[in-house]
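Have a look at the structure below, then the notes.
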Amino acid sequence: MLSNFKDYLSGLLLDAVNQLGTINADVNIEIARTKQAEHGDYSCNLAMQLAKAMRKNPREIATLLVEAMPSSPYVQKIEIAGAGFINFFIKNSAKQACLSVVLQQGMAYGVSDFGENKNIQVEFVSANPTGPLHVGHGRGAAFGASLANVLSMAGFSVEREYYVNDAGRQMDILAVSTWLRYLALNNIQVPFPENAYQGEYVKVMARLIHEAHVDRYVHQPEQLFDGLTDPLAKSINTDEELDQLIANAKLILGQDYAYIHNFVLTEQLGDCRNDLMEFGVTFDTWFSEQSLFDNGLVAHAMQLLEEKQCLYRQDGAVWFRSTDFGDEKDRVVQRENGQYTYFASDIAYHLNKFERDFETVINIWGADHHGYIPRVKAALQALELNPEKLKIALVQFAVLYRDGKKASMSTRSGEFVTLRELREEVGNDAARFFYVMRKSDQHLDFDLDLAKSRSNENPVYYVQYAHARICSVLKQWDDDVAKLMNADVSLLTHVSELTIMQRLIDFPDTIVVAAQEFSPHLIAFYLRELASEFHSYYNSTHFLVSDIPLMEARLMLIAAVQFVLKNGLKLLGVSAPEKM
RNA sequence: GUGCCCGUAGCUCAAUUGGAUAGAGCACCAGCCUUCUAAGCUGGGGGUUACAGGUUCGAUCCCUGUCGGGCACGCCA
């Protein structure tokens with residue numbers, strides 16, 4: 001059978017255009033699926049596009065095109081309708097032929113070579129390892145993982161990467177927060193800063209250190225409050241005070257600071273990795289920000305910018321001339337105190353990404369980072385790298401609703417809902433599916449009660465249920481799908497059957513579009529529609545009938561549906577249960 | 001204040017990127033289990049696509065303006 005009707009039909013039309021000759025217009029032949037059955041299976045608006053250039057009525061052009069088109073064994077008829085649409089009706093036999101293809105290819109059905117095996121990197125989640133992942137990260141995780149799967153199936157060679165922010169101030173705050181909690185366990189009471197990490201997990205880490213090393217890391221904290229404006233203050237709550245506290249802690253702890261720092265990093269990163277793994281989200285590379293400093297890549301990137309005269313000094317800091325490349329203001333890369341900014345390491349990181357020979361680099365960011373895009377692209381331009389190779393997919397916030405009201409979240413206060421809690425509450429399947437049900441640039445209202453409900457309100461179960469039903473029917477028959485390979489598919493002529501077959505044919509194309517548009521939500525919608533058409537078919541038609549050829553044909557159809565459902569769910573990281 | 005995103009059925013969202021009569025789910029109403037899983041199916045009502053202009057064969061989509069909502073505007077990450 002044909003692997004791609006759209007390409008095939010546009011080929012026919014291209015022949016027709018060439019036949020007619022002397023059309024000096026940009027021909028962009030686009031074949032679209034129709035929405036209504038009266039319009040056939042596929043339609044093309046080429047005649048309308050050509051109307052102006054050819055100075056003719058679109059319907060007239062359409063007629064010429066159709067007449068010039070070579071005849072096809074797959075096309076039942078061609079109609080000209082409306083303003084000049086060319087509508088194609090595909091023969092039943094051509095649709096029926098898809099079933100053996102699906103069964104033959106099995107879980108490989110839907111794989112295409114659209115991506116031409118090009119290297120593509122998807123960097124996602126990349127949350128600071130300073131605490132548990134929350135529901136906001138969950139959306140990035142689900143979206144990124146699904147997108148990576150979709151890209152892979154569409155023929156790209158995909159690398160999944162997590163950028164670990166293990167070098168910054170936030171890590172220091174976490175280390176000190178943990179140490180202060182640890183001191184408290186050793187009965188040394190010091191005020192706990194308001195802007196330190198308040199979460200319970202910090203106390204848990206302190207307890208682990210305490211259990212393993214008892215008072216090994218207790219250092220008398222007399223100098224802890226040196227340099228603070230009010231040493232007797234019961235509370236510390238400005239950034240300056242916290243930074244001073246960190247500096248003091250580093251001094252007091254000496255060599256031991258590295259242990260604390262490393263311990264909390266390892267602990268949090270491990271927790272994060274496990275959390276994601278349980279969520280079905282895995283990475284090929286965990287890229288350390290610290291390694292950029294250790295390997296001199298940050299200094300190297302700065303040197304390159306310096307050579308290209310894109311840096312200057314002002315007020316003791318080093319600035320990058322991002323305004324030269326379209327940014328609204330110049331940005332500091334090295335602070336007055338000699339510390340590089342996060343932006344500096346990010347420039348080095350992106351330089352490194354580009355040196356790793358990817359055709360395309362995709363960053364998945366929270367939508368609150370949109371203002372950050374121009375400066376990163378500016379840096380790429382300054383380094384004479386093609387900013388077009390970097391694609392940024394922004395993911396809007398997920399707002400959690402429980403009992404109709406918002407669940408708040410704030411990392412510092414420790415009041416957020418963690419991804420782990422969410423997964424425990426609604427299950428991995430529902431969480432993965434709900435996260436990608438919406439277009440990524442759309443705010444997501446995550447209704448916990450709906451995700452939990454085991455009823456018709458829940459789209460996850462709807463799709464899974466279709467799969468389980470098919471498994472059940474096949475089990476009651478023989479369960480050997482291989483025996484169906486030669487079923488007489490010409491017996492499947494009912495509208496509901498042809499509709500399902502057309503849907504199956506759409507699957508590979510849906511994946512390509514989802515890959516092109518970075519829109520895994522299309523897969524979720526596709527699955528709901530396929531499931532819906534199946535449920536409807538199930539209720540109207542009995543499969544295990546005494547007419548053996550008819551039974552086998554119908555079973556072949558639902559077996560094909562089973563494969564595609566399973567395959568689509570797998571793309572989204574959702575399980576396909578055999579019974580429910 | 002400036003920039004980016006968004007505004008579609010009572011609610012949550014689609015709409016093949018400019019196509020034909022704007023579609024689903026939930027909620028609501030009325031039906032369907034002695035037969036392969038009722039976590040299902042069938043039917044019904046529900047819309048000036050925020051508003052006003054513009055561009056063209058054709059606009060939810062592109063342009064301008066207004067109103068409303070979100071986010072970002074650090075020598076934070």
Side-chain angles (χ1 to χ4, degrees), chain A residues 6 30-36 38-39 43-45 48-49 51-52 57-58 81-85 87 128 130 165 167-171 173 239 289 314-319 328-329 331-337 339-343 345-346 366-374 394 396-397 399 401 437-439 441-447 450 453-466 468-477 506 509-510 513 516-517 519 521-522 524-525 528-529 531-532 534-545 551 554-555 558 579-580:
Chain A
K6 286 187 177 179
E30 275 183 33
I31 307 291
R33 286 272 288 116
T34 55
K35 286 176 184 166
Q36 289 158 49
E38 311 93 80
H39 299 145
S43 77
C44 184
N45 61 1
M48 277 108 88
Q49 283 184 48
K52 198 168 260 177
N57 183 315
F85 292 98
N87 292 335
N128 285 350
T130 52
N165 295 119
R169 175 171 177 267
Q170 296 304 322
M171 281 307 302
I173 298 175
D239 281 352
E289 180 189 8
Q314 187 181 306
D315 304 330
V318 181
W319 298 70
E328 58 189 24
K329 55 178 285 192
R331 309 291 174 177
V332 171
V333 287
Q334 192 173 18
R335 282 172 233 156
E336 200 175 353
N337 64 11
Q339 291 257 308
Y340 285 112
T341 60
Y342 177 86
F343 181 43
S345 50
D346 237 14
D368 54 336
H369 281 67
H370 67 82
Y372 200 68
I373 298 171
L394 294 177
Q396 290 284 352
F397 292 128
V399 182
Y401 285 84
M437 257 186 350
R438 305 280 173 255
K439 228 166 25 182
D441 61 2
Q442 197 69 246
H443 282 100
L444 171 69
D445 285 351
F446 198 118
D447 186 335
L450 177 59
S453 75
R454 299 181 173 259
S455 72
N456 55 349
E457 297 167 27
N458 196 325
V460 192
Y461 293 114
Y462 186 79
V463 176
Q464 290 181 320
Y465 186 50
R469 269 182 152 176
I470 295 171
C471 290
S472 172
V473 173
L474 291 175
K475 200 159 283 177
Q476 284 167 68
W477 163 67
D506 288 341
D509 191 50
T510 302
V513 175
Q516 273 177 304
E517 310 291 330
S519 297
H521 77 278
L522 293 175
F525 278 88
R528 273 221 313 222
E529 270 154 28
S532 164
F534 166 75
H535 283 309
S536 177
Y537 182 48
Y538 180 95
N539 275 274
S540 68
T541 312
H542 209 74
F543 307 138
L544 299 174
V545 291
M551 175 189 75
R554 287 175 176 170
L555 291 178
I558 65 169
K579 60 175 143 182
M580 290 171 70

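Letters A, B, ... mirror the listed sequences (proteins, then strands); counts begin at 1. For clarity, every value in this text was computed on a predicted model and none was experimentally measured.
- Using a 5.5 Å limit on the distance between ring centres and a 30° limit on the angle between planes, the aromatic ring of A:His370 does not count as stacked on the six-membered base ring of B:A72.
- Taking atom OH of A:Tyr538 as the reference point, atom C1' of B:C41 lies 11 Å away to the nearest angstrom.
- A search for ring pair (Phe, Tyr, Trp, His ring centres under 6.0 Å) contacts involving A:Tyr342 returns nothing, not counting sequence neighbours.
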Between protein and nucleic acid, restricted to nucleotides 29-32 of chain B and to nitrogen or oxygen atoms under 3.5 Å apart, what atom pairs and distances do you find?
none

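- The aromatic ring centroids of A:Tyr462 and A:Phe534 lie 6.0 Å or more from each other.
- Nucleic acid contact for A:Gln476: sugar-phosphate only, since backbone atoms but no base atoms lie under 4.0 Å from a heavy atom of the residue.
- Judged by distance alone with a 3.5 Å cut-off, a donor-acceptor contact links the side chain of A:Asn87 to the base of B:A20.
- One interatomic measurement links the two molecules: CG of A:Asn165 to C1' of B:C76, which rounds to 12 Å at whole-angstrom precision.
- In the set B:A77, B:A24, B:U37, B:U37 carries the atom at the smallest distance from any side-chain atom of A:Ala468.
- With sequence neighbours left out, A:Lys35 forms a salt bridge (charged side-chain N to carboxylate O under 4.0 Å, His left out) with no residue at all.
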>> Let me check I have this right: for RNA chain B, each base becomes ., (, ), [, ] or |, based on Watson-Crick or G-U pairs with both distances under 3.5 Å. What is the full string?
In response: (((((((..((((.....[...)))).(((((.......))))).....(((((..]....))))))))))))....

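- A:Tyr465 pairs by the ring pair (Phe, Tyr, Trp, His ring centres under 6.0 Å) definition with A:His535, not counting sequence neighbours.
- The two residues A:Thr510 and A:Leu522 make their nearest non-hydrogen contact at CG2-O, 4.1 Å.
- Of the two residues contacting RNA chain B, namely A:Ala367 and A:Ala81, the nearest-nucleotide position lying further toward the 5' end is that of A:Ala81.
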> Along nucleotides 12-19 of chain B, 5' to 3', which nucleotides get a B, which get an S, and which get a -, given that the test is a protein heavy-atom distance under 4.0 Å?
Replying inline: SSSSBB-B

